[in-house]
Novice: 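Shown below is the structure under consideration.
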Amino acid sequence: MYAIQYGEDIVIIDCGNKFPDESLLGVDLIIPDITYLVDNKEKVRALIITHGHEDHIGGIPFFLKQLNIPVYATRFTLGLIEIKLKEHKLLRESELIEINPNSKLKFGQMEVSFFKVFHSIPDCVGVVFQTPEGNIVHTGDFKFDLTPANQEYSDIHRMAEIGREGVLLLLSESTNAERPGFTPSERMVGKHLEQAFIKADGKVFVTTFASNVSRLQQVINAAQKTNRKLALLGRTMVNVVKVAMDYGYLTVPDEMLIEPREVNEWPSEKVAILCTGSQGEPLAALARLSTGDFRDVEVDPGDTVIFAAGPIPGNERGITTIVDNLYALGAHVIYGSGSTSGMHVSGHGYQEDLKLMLTFMRPQYFIPIHGEYRMLHHHRMLAESVGVEEGNTFILKNGDVLDIEESIPRQTRTIPVGNTYVDGGEVGDLEYVLRDRKQLSEDGMLMIIITIDKEEGELQADPEILSRGFTDGNFSKLRKEVNRITMETIRELQAENRIKRNIIKKQIKKNIRQFVYTHAKKKPMIVPILIEV
């Protein structure tokens, strides 16, 4: 998420989510912290979405619950946003406005226009903000594919025109800034898919990003050429294919699509299956297929499974497990990065693509965006290699602000940001919850149930000790010691006439924590439960 502000007007670009790693126990999503925007809500005019990938639209329902402002997006992107808003029961009260590369908007003294870029999902745009200070350009995600499979060409003439008009500041994506050359064309994948379908004897399973509609079309084309019916597995796959078909971005021959329950009614060599799970997600369709846990459909010996998506860094372990399981089932598996399998090319520009965008735009100042720090650093060096002056590139961290006044930039202030977690129905800063979960997962918990006289503070029975996730080689001995420490603590507090509930619990917690760490070198969560009678 980026914010462009001129005077009293703020326009937001994109509102995505991140997916949690293993350290964020139980967290479903990480979304932008919009505290600054909520505090300045009277200035926020619009949310503009560059394209429909999750890292650009995933946070929208949570954003609109706090700031119900107009959302501007292209036709296909709006279709995907509508699915999310329906799930959150927000569609009726949300203002969704369709734009295209020729649209023009005005917010205060900012005029906004667009230009078409090519990416691995339909209907992608870059954004131009014309301000009294100068033009600011946000590229969105892009690559230059001169032979796109879906005929969605980048508008390089418009890009060159924007550059001639003058660009004060360019924000350009950096995902593949470390990779030399141009990104290979999507058409290469279509040829490899077709060959794999021709060679396959049994069923063909293809897993890819559901949002990569041109890849889905290539799978459909390969199935058509080899006379196969096509089944869809996974809720996301079904939803995206429906939107793409309804809006005319996907062409599926009549009677090709079949339901999963119909797969076994056809000969294996007459069936193809498109499914979710290309990143090793444990609950996605492919993971369940690999363990024989998917109702209606099975992977049989001799079937072919194609991974038509590259692994996102960090997902390799989950993918490897699924590949091993598929081999154990007797399947022929085609996987690996694009260069080894031929089944995937990136939707993000390599170094030459990024340099071409910089050359078109010829910005005075440059902010590399959308990437790890090393990628932003490499993009900075690419910018300097094509003419951006050294010192005119700014690498921003979350919350950093770049102010430009009379063409002079200053990176001197920040706004408060943190992580906002989505955990089931809860949304917010859950750091304390995560700390507790981490402690429980590593060292377990000890509960001490204590019954005392409400007036006198005397014990009415021996403490009861319960443990969860905490082991000790001699637990009966530890139990006796915890009992002893608990009773001693209560007697001492009673003698000092300090028998308030919170004081008893706090002191018991402290004394037992010290003993357990000394005895077992563990720090379980200590939970005293006080029952007053």
Novice: Which residue pairs pass the ring pair (Phe, Tyr, Trp, His ring centres under 6.0 Å) test with at least one member in residues 73-109, sequence neighbours excluded?
Specialist: Phe62-His88, Tyr72-Phe107, Phe76-Tyr249
Novice: Does CD in Gln151 sit with more than 12 non-hydrogen atoms of other residues, nucleotides or ligands closer than 6.0 Å?
Specialist: yes
Novice: Can you run down the ring pair (Phe, Tyr, Trp, His ring centres under 6.0 Å) pairs that involve residues 151-191, sequence neighbours left out, and say none if there aren't any?
Specialist: none
Novice: Only one of Leu382, Leu170, Val167 passes side chain to side chain contact (heavy atoms under 4.5 Å, CB included) with Phe366; say which it is.
Specialist: Leu170
Novice: Could you list the residues that satisfy side chain to side chain donor-acceptor pair (under 3.5 Å) with Ser113, not counting sequence neighbours?
Specialist: Arg158
Novice: Quick one: list whatever passes side chain to side chain contact (heavy atoms under 4.5 Å, CB included) with Val125, sequence neighbours left out.
Specialist: Thr74, Pro101, Phe114
Novice: Show which side-chain atoms of residues 256-263 pair as donor or acceptor with protein atoms under 3.5 Å away, not counting sequence neighbours.
Specialist:
unit_1 : atom_1 : unit_2 : atom_2 : d
Glu262 : OE2    : Glu259 : N      : 2.9

Novice: Is it the case that the side chains of Thr35 and Asp33 hold a donor-acceptor pair, with the cut-off being a distance below 3.5 Å and no angle test?
Specialist: yes
Novice: Around Leu146, counting heavy atoms of other residues, nucleotides and ligands shown, do more than 12 lie under 6.0 Å from its CG?
Specialist: no
Novice: If you measure from CG on Leu171 to CD1 on Ile13, what distance do you get to the nearest 0.5 Å?
Specialist: 6.5 Å
Novice: Sequence neighbours left out, what passes side chain to side chain donor-acceptor pair (under 3.5 Å) with Thr175? Give chain and number order.
Specialist: Glu173, His348, His370
Novice: Indicate whether the side chain of Gln5 and that of Asp9 have a donor and an acceptor atom separated by less than 3.5 Å.
Specialist: no
